[in-house]
Every structure is written in structure tokens, then in C-alpha cells.
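All remarks here apply to the structure that follows.
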Amino acid sequence: MSSSIKPLRIAGIGYCVPSTVITNDDLTKLYDTSDEWIYTRTGIKERRVVSGNETAIDLGLDAAKKALKKSGFKPEDIDCVISASSAPPQLYPTMACTIQDKLGIPGNIPAFDITAACTGLIYALQIARGFIGIGIYKTILILAADNNSKITDWNDRGTSILFGDGAGAMVVTEALDGVDDILALNMSANGTIGQLIFTDMPGQNCPLVTPNNYVGDGKIHMNGKEVYKFAVTTVPKYVEECIASAGMKAEDVDYLIPHQANQRIIEAIQSRLKYSDEKVISNIKYYGNTSAASIPIALGEGVEQGKIRLGSTAVLCGFGAGMTWGAAVVRLREGIC
Ligand code: UT7
């Protein structure tokens with residue numbers, strides 16, 4: 001970005017996961033599978049899901065409150081809300097508008113959702129960076145909150161082993177000290193291979209029209225093997241190139257905080273960057289794939305558990321339905337979570 005573009009500061013990060021745990025052993029009650037099969041293939045032991053009347057809105061609200069608190073900003077300071085939700089509990093009002101209302105953010109600012117599936121956080125960060133960069137908005141709340149368990153086909157052992165619910169939030173603002181926390185950010189998509197993961201909207205045809213067309217079931221459908229191949233061939237190289245576009249070498253970056261989709265995919269990126277285990281943040285074992293929320297959950301929890309030292313740098317990366325993918329090299333300042 002040119003020097004006339006305003007720099008961005010990551011001011012606060014928060015996350016929230018529901019308390020209900022579903023273990024691999026629990027899943028054996030639904031279909032023929034085993035803890036050993038799931039853990040070996042994915043690195044997942046358990047995932048969290050919403051229960052009762054709880055939805056991703058509750059998770060997103062909690063994550064947003066934590067991010068705001070860490071940032072030192074108040075709801076009235078937020079001048080734009082962007083939510084990266086690909087499995088929101090309702091299509092509209094959007095997650096962003098709902099959280100705007102529930103947090104008491106003024107009703108005269110823009111709030112909207114974007115759908116970039118598991119790459120949503122990276123996409124939202126880039127949109128926020130553009131807005132802040134050209135000075136339209138100063139302080140933006142980014143959300144990533146999904147109800148994956150509501151669109152999971154719990155009869156499909158190829159997908160329902162993977163996903164969990166969770167939320168993350170980030171407050172980003174103009175960096176008044178001139179230090180940009182985004183050292184590089186790249187994002188991509190290829191709709192030609194979009195059918196590798198799809199969720200059709202459920203619904204009905206107009207009863208006056210014949211013949212009736214195909215109506216989706218609203219559930220996640222995935223060609224797991226091809227998604228896996230796509231991820232391991234595309235993402236590690238892309239992450240390395242993103243680091244290079246920041247003018248850095250892999251060893252200059254302190255941490256890899258990847259989207260948590262499969263432990264073997266995380267290891268493929270780790271191996272490309274030649275990182276030791278201490279530099280790679282993985283919590284997929286306990287949460288599965290929480291889509292766009294997985295990066296802020298891994299980051300926030302990593303700091304709490306002492307795995308991530310703030311005042312450092314990290315490369316984030318996401319990939320998922322679309323197909324979409326993206327990476328960002330970011331500065332993690334003291335006190336952000
Ligand atoms: O955010 C991005 C989202 N998605 C991903 O990153 C997913 C990437 N893909 C994957 O992680 C893997 O493809 C899976 C973990 C989903 C599946 O692993 P796989 O090694 O690709 O298995 P597969 O689908 O090729 O199935 C191999 C065998 C099949 O049996 P047959 O046909 O060889 O007899 C499946 O029916 O394993 C069977 N199988 C299972 N067995 C026990 C599939 N799922 C299960 C299961 N438990 N849960």
C-alpha cells in the first residue's frame with residue numbers, strides 16, 4: 001500500500017465457544033466410525049456445539065464484547081460492522097446487524113455480512129483494511145461466528161466429524177502511531193472448483209410452476225478427498241508467498257496460526273515453512289473446524305495458554321468453500337487479547 005494509505009492497528013481480539021462437547025465416541029452412536037479413525041485422519045477428538053436456544057449470535061456477542069474490552073473502544077466508537085458468517089442462524093437480519101443492535105452500536109453506521117466460508121476472517125480483514133486505509137471508517141468490528149452444527153448432516157460421517165460451532169471477533173482501527181499491523185495480506189478464490197464444498201439454500205418452488213426444480217437441503221456437502229488435495233497443494237505455497245510479499249522470510253515470522261480444518265493440512269503448511277511445533281498453533285483436537293472463527297479462537301486461546309507471546313508477528317491463513325483462500329502476516333501487539 002502507498003504511504004498515503006492509513007495504517008491499521010489490531011486493537012482487540014475475543015473468542016467464544018459453546019460449552020456443550022461432542023466427543024468422537026459420542027459420534028459412534030450416530031454411525032459406524034471410531035475415535036481412532038477420526039483422530040488419525042483429522043487430529044480431532046471433540047468439537048463444541050450450541051444447545052437449547054443458544055445460537056452463533058450469542059457466541060458472536062460474547063466474542064465481540066471481549067474484543068471491545070481489550071481494544072479499549074466502546075460500542076459508540078464503532079463505525080462499521082463486518083461479519084464473516086457462512087452458517088448464520090438466520091440469513092437476515094444479518095449477523096452484523098443483529099450484533100450491532102445487541103451491543104448498542106449506533107444505528108446509523110453500516111453493518112453487513114460477507115460469505116467467504118473458512119477464509120472469511122482474512123476477507124473481512126482486507127475489507128476493513130481498505131475502509132480504514134482510505135479513511136472512510138476509523139474503527140471497525142469484525143466478527144466470525146457460525147452455527148455449523150445446524151447445517152451439518154449428522155448422518156454423513158464424511159462431514160459431521162469435522163465441524164464445530166464457535167465465534168471470534170476483532171476490533172481494528174486506524175493506527176495513529178503510523179505502525180501498520182498488516183505486513184501483507186493476500187486473498188484468492190476459484191469458483192471453478194466451487195462444488196467441492198456446497199450448501200444449497202433450503203426452500204420450495206412456487207406451487208404454480210411445473211415441473212418442480214431441485215430444492216437444496218441446506219446442509220454441508222463436501223468432496224473431502226479433493227478438498228484435502230486442494231488444501232495441501234495450494235495453501236502451504238501461498239502462505240510462503242504471502243510471507244515473501246511482506247519482505248520477510250519464514251523464519252522471521254514468530255507463529256503460524258492456520259485455519260483449523262485438518263491436523264494433516266496444518267502439518268503440510270508447517271513442513272513447507274520448516275517451523276518447529278512451538279511456532280504452530282493448533283487446537284483442532286478440541287474444537288474441530290469452526291470455519292472463519294477458527295483463527296481468532298486459536299489466537300485467543302494460544303495467548304491464554306502461554307503458547308503465543310504478544311509483541312510478536314504471525315502468519316494467519318484460511319481456506320474453504322468457494323473455493324476461497326487467503327493469508328496475512330500480522331503484528332500482534334501487547335494487550336490485544
Ligand atoms: O474448511 C475446509 C473444509 N474441509 C476440509 O479441510 C476437509 C479436507 N478433507 C479431509 O479432511 C478428509 O478428506 C476427511 C477427513 C474428510 C476424510 O478422510 P479421507 O482419508 O479423505 O477419507 P475418504 O473420504 O476417502 O474415505 C475413505 C474411507 C471410505 O471407505 P471405503 O470407501 O474406502 O470403504 C469412507 O467410507 O473411509 C470411510 N469413512 C469413514 N470411516 C470411518 C469416511 N468417513 C468415515 C468415518 N469413520 N467418519
Side-chain angles (χ1 to χ4, degrees), residues 22-47 84-87 114-124 144-149 151-168 187-191 193-199 219-236 238-239 256-270 282-285 287-298 316-327:
I22 304 291
T23 65
N24 290 347
D25 284 337
D26 292 333
L27 295 178
T28 63
K29 294 174 198 148
L30 297 178
Y31 39 68
D32 181 18
T33 191
S34 65
D35 173 56
E36 200 265 333
W37 194 97
I38 301 171
Y39 186 59
T40 315
R41 292 288 216 291
T42 67
I44 301 168
K45 279 271 179 195
E46 54 192 52
R47 69 285 296 140
S85 295
S86 45
I114 59 153
T115 303
C118 305
T119 322
L121 186 93
I122 306 283
Y123 269 58
D146 275 318
N147 258 160
N148 290 318
S149 63
I151 60 163
T152 293
D153 179 351
W154 290 101
N155 294 313
D156 177 7
R157 64 181 183 168
T159 53
S160 57
I161 55 167
L162 298 174
F163 295 98
D165 298 331
M187 56 186 198
S188 295
N190 181 3
I193 48 170
Q195 289 305 303
L196 293 183
I197 313 176
F198 67 90
T199 299
K219 294 186 173 145
I220 302 171
H221 297 273
M222 181 179 71
N223 181 335
K225 221 167 212 23
E226 290 305 315
V227 172
Y228 183 86
K229 275 194 222 157
F230 157 80
V232 294
T233 52
T234 307
V235 181
Y238 195 80
V239 172
L256 165 66
I257 309 175
H259 168 48
Q260 312 280 311
N262 182 313
Q263 181 60 29
R264 292 185 295 145
I265 298 174
I266 295 174
E267 284 165 11
I269 308 168
Q270 172 176 7
S282 169
N283 63 2
I284 189 169
K285 189 172 177 182
Y287 303 116
N289 180 344
T290 55
S291 48
S294 81
I295 294 172
I297 295 173
L316 320 176
C317 69
F319 53 91
M323 298 299 286
T324 57
W325 62 103

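For ligands, and for the atoms within them, numbers begin at 1 and follow the listed sequence.
With no hydrogens or angles considered, a side-chain donor-acceptor pair links Tyr238 and Ser188 at under 3.5 Å.
Partner Leu27 forms a side chain to side chain contact (heavy atoms under 4.5 Å, CB included) with one of Glu46, Arg47, Arg157 and no other, that one being Arg47.
Evaluation of the side-chain contact (heavy atoms from CB on, under 4.5 Å) rule for Val232 yields Tyr228, Ile265, Ala268 as partners, not counting sequence neighbours. Applying the side-chain contact (heavy atoms from CB on, under 4.5 Å) test to Leu162 and every residue at least two apart in sequence or in another chain returns Thr42, Ile44, Met222. Applying the side-chain hydrogen bond (donor to acceptor under 3.5 Å, both in side chains) rule to Thr40 yields the partners Glu36; only residues at least two apart in sequence or on another chain are considered.
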Within the protein, flag every N or O under 3.5 Å from an N or O of ligand 1, and note the pair and distance.
| residue | atom | partner | partner atom | Å |
| --- | --- | --- | --- | --- |
| ligand 1 | 1 (O) | His259 | NE2 | 3.0 |
| ligand 1 | 1 (O) | Asn289 | ND2 | 3.0 |
| ligand 1 | 9 (N) | Gly224 | O | 3.0 |
| ligand 1 | 11 (O) | Asn262 | ND2 | 2.7 |
| ligand 1 | 13 (O) | Gly224 | O | 3.1 |
| ligand 1 | 20 (O) | Arg41 | NE | 2.9 |
| ligand 1 | 21 (O) | Lys225 | NZ | 3.4 |
| ligand 1 | 25 (O) | Lys225 | NZ | 3.0 |
| ligand 1 | 36 (O) | Arg157 | NH2 | 2.9 |
| ligand 1 | 41 (N) | Arg157 | NH1 | 3.4 |
| ligand 1 | 47 (N) | Thr33 | OG1 | 2.6 |
| ligand 1 | 48 (N) | Thr33 | OG1 | 3.1 |
| ligand 1 | 48 (N) | Arg157 | O | 3.0 |

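Ring geometry, Phe198 versus His221: the interplanar angle falls under 30°, so the pair is classed parallel (tilted spans 30 to 60°).
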